[in-house]
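This report refers to the structure that appears directly beneath it.
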Amino acid sequence: MNGGQRSRHQLVGGRGKPPLESRRLAKNGIHLITLPTVTDAVDIPEQVQIRMDKRAELLKRGLQAYPVTLPIDTTISAVRAEYGHLEAEQSTGVMVGIAGRVIFSRNTGKLCFATLTAGNGDSIQAMVSLAEVGEDSLADWKALVDLGDYIFVHGEVITSKRGELSVMVNTWQMAAKALRPLPVAHKDMSEESRVRQRYVDLIMRPQAQEMARTRVKTVAALRRSLESRDYLEIETPMLQTQPGGATARPFITSSNAFGIELFLRVAPELFLKRAVVGGLERVFEINRNFRNEGSDSTHSPEFAMLEFYQAFADYQVMATVTRELIQEAALAVTGSLTVTHFDGSEHDLSGVWPQIDLYGELSKAVNHEITPSTLRQTLEELCQVADIKYSPSAVNGKLVEELFEHHVISTFSGPTFVMHFPVDTSPLTRDHRDRKGVVEKWDLYVDGFELATGYSELVDPVIQRERLIEQAKLGSKGDKEAMTLDEDFLRALEHGMPPSGGVGLGVDRLLMALTGLGIRETVLFPLVKPERDVP
RNA sequence: GCACCGCUAGCUCAAUUGGCAGAGCAGCUGACUCUUAAUCAGCGGGUUGUAGGUUCAAGUCCUACGCGGUGUACCA
């Protein structure tokens, strides 16, 4: 190969000064990775070079490596559905033109076999026989077709001596030449490779395609369920002039035209509420939120969120609707209210789910009466006993939530609503109608993680202003997650928002609950740090 | 953010106390008209993540950086 040439890292690495933008950001402590602007063909792996040569050979002969159109008249799945039941050594007399990706290839002298896959798990065998295609075409098949190529074949649907459903080829042509070899089909790809090169994962693993389809079914079910309840799907800004609706650090960007800082939204809440003020009494949105925080098996920097609001409803109504949405989604996806996870375990989502009281359950768990007026010192002592670390600036409600997560969450056996949260951690939620110090909020836990959260929304503009001023004070003290004072939102509330219930439901997490997979499996292309160099 | 572990051929992985960098699949050449991860014979393929250091000698030891994983902290 190209011995003695410059290595790739020299071509990719930072030569000369980084671009102006990079230097500006570097001053703010952000270091951009310098990406190559010109791709030199260096160090091409042997197998890629060989496949490029085969591509060139096709072109040299006036054939196409990537034809624009092919005389396809059916699909692998359709042929399998119709003829998959045939016994061995049958002929149908039916001619088909199909295309698929070669995933196995077995060449025996004058008869070649290839397994063409549709990617969804369906496959069909192509048989290329000297007697059918002639000497030249057979030789070309052997010389030019590699594992991974998309191939078009035309021929009769038959079954082989061993009963394999096949197309006895009379003509074939390249449909798309693959320049890169596929990974080993019989070993699992590393998790990192599967995430970084999802296209390969989708080729190799039918379950990867199934996940993508399950996601579509789930989202469609949510839409159907909401629309059947007269909810209106609306879209609200992703680019916001101030971030609001959740306590979270935003991603910051800027508008050249406006000359101002903009934020990718952390939640759509404040805009959906504006819509309710305007008389759109039942609204929902399914879209992405962005939170500039760490990622792990249940958190992703960008994640899909369903939020829905209903006028003249409270948190109990919303709990019922949420349960029904999830049950309808489970039925749509799996056909059952008992979902089977990837690992084979079964999880029952049927019936009415228990509601437990946050303070009540915590009191039982620690064998000590805990209320919103429990002294700070008592909470700190309990945290120390349980070995829970907390920041001294954390509000009392935060300590209560920490204690609850530590002592109670692991005891849940099925979907569970946790009711009545501390007021000081829920600035957008209405005080409980009867009880002091707690708000009308629930968290829905499934499989140990929070799947959804619902509220009786705070609609009193005077109290909302007080709460946001409190948040803004925290922000000015350096709390980067604190909410800002959104004057336009308050102005909207001051026009009168009907009493309403609201829910936020993590779509990725619903997928996790239905399948038992991690968040990086439910998202087709999760954010990953770029590779320094693509091999 | 901190700690630990990992990074070797296209893919999945080996390589004893520092001592010739290997296997399977994939690839190339040849044989084979019913194969199923086809089989048989032969042959190629590596800057061991990147940059530096120690050493007669580094995949192996040291330093820094990159990416990933696990734990922990912070946090939806």
Side-chain angles (χ1 to χ4, degrees), chain A residues 1 3-10 12-13 31 33 43-51 53-54 88-89 103-115 123 125-132 138 142-143 146-148 158-166 168 178-197 200 204 245-249 266-267 289-301 303 305 387-391 394 398 401-402 425 443 449-453 479-481 504 506 508-509 519-520 528-533 535:
Chain A
M1 275 194 308
Q5 292 204 0
R6 292 166 298 168
S7 65
R8 274 168 291 164
H9 68 265
Q10 286 173 313
V12 171
H31 299 280
I33 294 164
D43 285 358
I44 293 173
E46 180 192 33
Q47 298 197 41
V48 173
Q49 185 58 56
I50 287 165
R51 285 155 179 261
D53 292 344
K54 292 177 180 177
E89 288 194 90
I103 53 161
F104 294 119
S105 172
R106 303 169 288 278
N107 294 345
T108 72
K110 300 182 182 64
L111 179 60
C112 297
F113 303 86
T115 305
S123 63
Q125 178 169 267
M127 295 171 63
V128 185
S129 161
L130 175 66
E132 292 288 327
L138 182 71
K142 290 187 194 176
D146 285 305
L147 294 184
I158 62 159
T159 50
S160 71
K161 282 185 182 167
R162 301 284 177 89
E164 189 73 36
L165 184 64
S166 307
M168 179 54 83
L179 297 182
R180 300 232 180 203
L182 292 176
V184 183
H186 316 291
K187 299 262 187 185
D188 289 339
M189 288 170 77
S190 64
E191 206 248 319
E192 185 181 354
S193 299
R194 288 199 280 116
V195 170
R196 282 191 187 280
Q197 294 175 252
V200 178
M204 302 304 295
T247 49
R249 288 182 74 168
V266 295
N289 290 341
F290 306 86
R291 300 190 182 174
N292 206 340
E293 289 154 6
S295 61
D296 58 34
S297 63
T298 57
H299 294 79
S300 181
F303 60 97
M305 181 92 160
D387 207 20
I388 296 169
K389 295 185 183 104
Y390 56 90
S391 100
K398 179 73 187 159
E401 288 181 12
E402 290 286 341
T425 56
D443 268 5
F449 57 83
E450 188 190 332
L451 173 56
T453 179
D479 183 344
K480 291 191 169 69
E481 283 113 33
D508 312 292
R509 291 191 173 180
I519 199 164
R520 296 220 302 180
V528 283
K529 286 198 188 179
E531 297 164 279
R532 180 147 61 170
D533 198 1

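These values consider heavy atoms only, across backbone and side chains, with no hydrogens, waters or symmetry-generated copies. So you know, we letter chains A, B, ... as the sequences are listed, proteins then strands, and number each from 1. Keep in mind it's a predicted model, so treat the numbers as computed, not measured.
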Applying side-chain contact (heavy atoms from CB on, under 4.5 Å), name anything that partners [X], two or more places apart in sequence or on another chain.
{"X": "A/D188", "result": "none"}
{"X": "A/A88", "result": "none"}
{"X": "A/Q47", "result": "A/P181"}
{"X": "A/E191", "result": "A/R194, A/V195, A/R520, A/E521"}

Students often get this wrong, so: under 4.0 angstrom with heavy atoms, is [X] touching a base, only sugar-phosphate, or nothing?
{"X": "A/A131", "answer": "base"}
{"X": "A/E293", "answer": "sugar-phosphate"}
{"X": "A/T453", "answer": "nothing"}
{"X": "A/L130", "answer": "base"}
{"X": "A/Q125", "answer": "base"}
{"X": "A/N289", "answer": "nothing"}
{"X": "A/T159", "answer": "nothing"}
{"X": "A/T247", "answer": "sugar-phosphate"}

Who are the side chain to side chain donor-acceptor pair (under 3.5 Å) partners of [X], not counting sequence neighbours?
{"X": "A/E401", "answer": "A/T425"}
{"X": "A/D146", "answer": "A/K54, A/K177"}
{"X": "A/S166", "answer": "A/Q125"}
{"X": "A/T108", "answer": "none"}

Can you tell me if the side-chain N/O atoms of [X] get under 4.0 Å from OP1 or OP2 in [N]?
{"X": "A/S193", "N": "B/U12", "value": "yes"}
{"X": "A/R520", "N": "B/G69", "value": "yes"}
{"X": "A/K187", "N": "B/C11", "value": "no"}
{"X": "A/T108", "N": "B/U39", "value": "no"}

Could you tell me which residues satisfy ring pair (Phe, Tyr, Trp, His ring centres under 6.0 Å) with A/F113, sequence neighbours excluded, listed by chain and number?
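In terms of ring pair (Phe, Tyr, Trp, His ring centres under 6.0 Å), with neighbours along the sequence ignored, A/F113 is linked to no residue.
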Expected rows: protein N/O vs nucleotides 70-74 of chain B N/O, under 3.5 Å:
from, atom 1, to, atom 2, distance (Å)
B/C74, OP1, A/K389, O, 3.1

Give RNA chain B the dot-bracket treatment, 5' to 3': Watson-Crick (N1-N3 with N6-O4 or O6-N4) or G-U (N1-O2, O6-N3) under 3.5 Å, [ ] crossing, | other strand.
(((((((..((((.....[..)))).(((((.......))))).....(((((..]....))))))))))))....
Between B/U50 and B/A38, how far is it from one C1' atom to the other, in whole Å?
42 Å
Would you measure the distance from the P atom in B/G6 across to the matching atom in B/G49 and give it in whole Å?
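Those two atoms are separated by 12 Å.
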Grab the two heavy atoms, one from A/M204 and one from A/A185, that are nearest each other, plus how far apart they are.
CE-CA, 3.6 Å
If you take all heavy atoms of A/E293 and A/P301, which pair is closest and at what distance?
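A/E293 and A/P301 have their closest heavy atoms at O-CG, 4.4 Å.
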Take a 6.0 Å sphere around CZ of A/R249 and say whether it holds more than 12 heavy atoms from other residues, nucleotides or ligands.
no
With 3.5 Å as the limit, what N/O pairs link the protein to nucleotides 42-44 of chain B?
from, atom 1, to, atom 2, distance (Å)
B/G44, N2, A/E46, OE1, 2.5

I need the CG-P distance between A/N292 and B/G1, as an integer number of Å.
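Going from A/N292 (CG) to B/G1 (P), I get 12 Å.
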